[in-house]
Undergrad: 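One structure, pasted below without further comment.
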Number of protein chains: 2
Amino acid sequence: MNQRKVPDVVIRRLPLYLRTLEILDPDEAPIISSEQLAKLVGTSSGQVRKDLSYFGVFGKQGVGYQIISMRMELRRILKLDQEIRVGLIGAGNLGAALVRYHQKNRVHQPLEIVALFDVDDKKIGRKIADVEVFDIGKLSSIIRNLDIKMMILTFPAANVQQVVDICIASGVKSFLNFVPVSLKVPAEVKLRTSDVTLELQSLAYYT
Amino acid sequence: MNQRKVPDVVIRRLPLYLRTLEILDPDEAPIISSEQLAKLVGTSSGQVRKDLSYFGVFGKQGVGYQIISMRMELRRILKLDQEIRVGLIGAGNLGAALVRYHQKNRVHQPLEIVALFDVDDKKIGRKIADVEVFDIGKLSSIIRNLDIKMMILTFPAANVQQVVDICIASGVKSFLNFVPVSLKVPAEVKLRTSDVTLELQSLAYYT
């Protein structure tokens with residue numbers, strides 16, 4: 001794709017642009033200006049133009065962006081033009097809530113949660129929102145068999161790093177981590193941690 | 001406090017430093033170098049020193065940081081040296097999971113979830129992890145009576161902006177938002193949005 005290395009903060013804004021473009025009706029107005037898009041997303045038009053410039057020119061100066069072709073382009077850049085299979089480790093309260101939430105909101109996105117993993121015999125073999133819970137002992141073989149490329153971590157355990165290492169060795173390329181621990185991944189793997197407690201603690205600063 | 005305006009990315013790293021310092025045992029070693037702290041947190045020593053420099057000098061050149069006094073200082077900066085009362089709107093799967101997770105992990109943090117809010121008559125009056133679910137119609141009076149300064153939003157509804165406006169008028173200073181909508185808040189109020197679907201979509205880029 002001959003791209004410059006794109007900062008992660010830019011990558012994180014692309015789904016926001018995509019979501020906004022998917023809400024708009026191109027039959028009403030097929031073109032949107034960077035000013036309009038920026039206003040809907042809650043950023044500046046300069047930011048929009050700079051973000052998109054990483055991937056080549058989308059819009060024409062003074063004309064704006066074609067909504068339909070820009071949607072397709074953003075899906076292609078984000079690799080959302082193909083199915084991506086996602087696993088989730090930890091079928092507890094948070095894990096179950098995330099699966100249900102995701103299933104309810106998965107219109108227009110090809111990210112499919114295809115397997116849950118847990119250590120609890122009472123959960124293994126059951127389904128949550130139509131997704132089966134597998135024995136975590138079968139992690140490696142299920143990842144390979146189902147071609148899972150992304151893993152969500154929601155289990156509070158001491159051996160998270162070991163589990164992450166197995167995932168990577170089995171083909172997982174990116175992680176969304178809700179476990180409050182520091183994890184190490186190689187440079188070619190992406191790990192993003194979402195920690196509600198840390199979020200609340202940093203928001204305390206603003207109270 | 002005579003501070004420069006501190007970037008939000010810096011504020012977001014402070015709880016990570018605090019958590020790391022709270023894991024360490026000062027009886028074993030009372031002082032930590034910026035290199036050691038950086039390694040434990042997963043950043044660089046330059047970043048640590050720069051982040052902390054916003055709040056005045058903590059460590060002595062070539063000596064390091066006093067673990068106990070630095071913990072206290074970080075708690076003071078983050079306003080975690082006082083109780084902060086938190087509300088949560090939307091007592092569904094995600095809301096319930098967040099409350100349970102927070103209650104289980106609230107050691108050493110004075111953030112207390114004191115009220116849940118919902119529209120569902122079947123939920124109102126019940127308790128989740130010892131926290132009562134109130135009628136959202138009483139939002140304003142409960143916020144004032146319980147002195148709630150922070151609100152977590154987990155409900156999928158059309159009128160989220162209206163609910164946010166009521167919260168702000170009643171004294172809420174910061175929001176952690178899990179609802180996938182764009183919200184507007186005045187400059188003196190902090191809103192942070194955590195959207196699992198957007199996170200997964202941006203992680204697709206790395207698969």
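Below, read A as the first sequence line, B as the second, and so on, with proteins coming before strands; counting in each chain starts at 1. All heavy atoms count here, side chains included; hydrogens, waters and symmetry mates do not.
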Undergrad: Taking CG in A:N159 as the centre, count heavy atoms belonging to other residues, nucleotides or ligands within less than 6.0 Å. Is the count above 12?
TA: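 Correct, the count exceeds 12.
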Undergrad: Counting C-beta onward and ignoring hydrogens, is there a side-chain heavy-atom pair between A:D8 and B:Y206 closer than 4.5 Å?
TA: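 Answer yes - side chains close enough.
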Undergrad: Might you point out which heavy atoms bring A:A97 and B:A97 nearest each other, and give the distance in Å?
TA: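 That would be CB-CB, 4.3 Å.
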Undergrad: Between A:L98 and chain B, which part of the residue has a heavy atom less than 4.5 Å away: side chain, backbone, both or neither?
TA: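 The side chain, not the backbone.
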Undergrad: Go through the atoms of A:I152 and report whether side chain, backbone, both or neither lie under 4.5 Å from a heavy atom of chain B.
TA: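 For A:I152, the contact with chain B is made by the side chain alone.
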Undergrad: Looking just at side-chain N and O atoms, do A:S202 and B:R192 make a donor-acceptor pair shorter than 3.5 Å?
TA: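 The criterion, which ignores hydrogens and geometry beyond distance, is satisfied for B:R192 and A:S202.
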Undergrad: Quick one: closest heavy-atom pair of A:Y205 and B:I77, and the distance?
TA: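 That closest heavy-atom pairing would be CD1-O, 3.3 Å.
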Undergrad: Measure distances from A:L176 to the heavy atoms of chain B and classify the residue's part below 4.5 Å as side chain, backbone, both or neither.
TA: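 Both parts, heavy atoms under 4.5 Å.
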Undergrad: Go through the atoms of B:L78 and report whether side chain, backbone, both or neither lie under 4.5 Å from a heavy atom of chain A.
TA: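 For B:L78, the contact with chain A is made by backbone and side chain together.
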Undergrad: Is it the side chain or the backbone of B:S194 that comes within 4.5 Å of chain A heavy atoms, both, or neither?
TA: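 For B:S194, the contact with chain A is made by the side chain alone.
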Undergrad: Counting only heavy atoms not in A:K39, do more than 12 fall under 6.0 Å of its NZ?
TA: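 No - once you tally the heavy atoms of other residues, nucleotides and ligands closer than 6.0 Å, there are 12 at most.
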Undergrad: For A:V41, which atoms come within 4.5 Å of any heavy atom of chain B: side chain, backbone, both, or neither?
TA: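 For A:V41, the backbone is the part near chain B, not the side chain.
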Undergrad: Could you check if a side-chain atom of A:V196 sits within less than 4.5 angstrom of a side-chain atom of B:F178, using non-hydrogen atoms only?
TA: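 Touching, per the 4.5 Å side-chain cut-off.
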Undergrad: Using a cut-off of under 4.5 Å for heavy-atom pairs, which of A:R13, A:R12, A:E199 has the most such pairs with chain B?
TA: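 Heavy-atom pair counts peak at A:E199.
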Undergrad: Looking only at heavy atoms, what is the nearest atom pair of A:R19 and B:T197, with distance?
TA: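 Result for this residue pair: NH2-CB, 4.0 Å.
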Undergrad: Around atom NZ of A:K173, are there more than 12 heavy atoms of other residues, nucleotides or ligands at under 6.0 Å?
TA: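 12 or below, so no.
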Undergrad: Using a cut-off of 6.0 Å, state whether more than 12 heavy atoms not belonging to B:Q162 lie near its atom CD.
TA: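 No, not enclosed.
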Undergrad: Taking all atoms of both residues into account, what is the closest heavy-atom pair of A:T207 and B:K149, and its distance?
TA: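 Closest approach of A:T207 to B:K149: CG2-O, 3.9 Å.
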Undergrad: Between B:Q201 and A:P15, which heavy-atom pair has the shortest distance, and what is it?
TA: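 That would be OE1-CB, 3.4 Å.
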Undergrad: Just distance, no hydrogens or angles: give the donor-acceptor pairs under 3.5 Å from side chains in residues 114-121 of chain A, sequence neighbours left out.
TA:
{"residue": "A:D118", "atom": "OD1", "partner": "A:D120", "partner atom": "N", "Å": "2.9"}
{"residue": "A:D118", "atom": "OD2", "partner": "A:A91", "partner atom": "N", "Å": "2.7"}
{"residue": "A:D120", "atom": "OD1", "partner": "A:K122", "partner atom": "N", "Å": "2.9"}

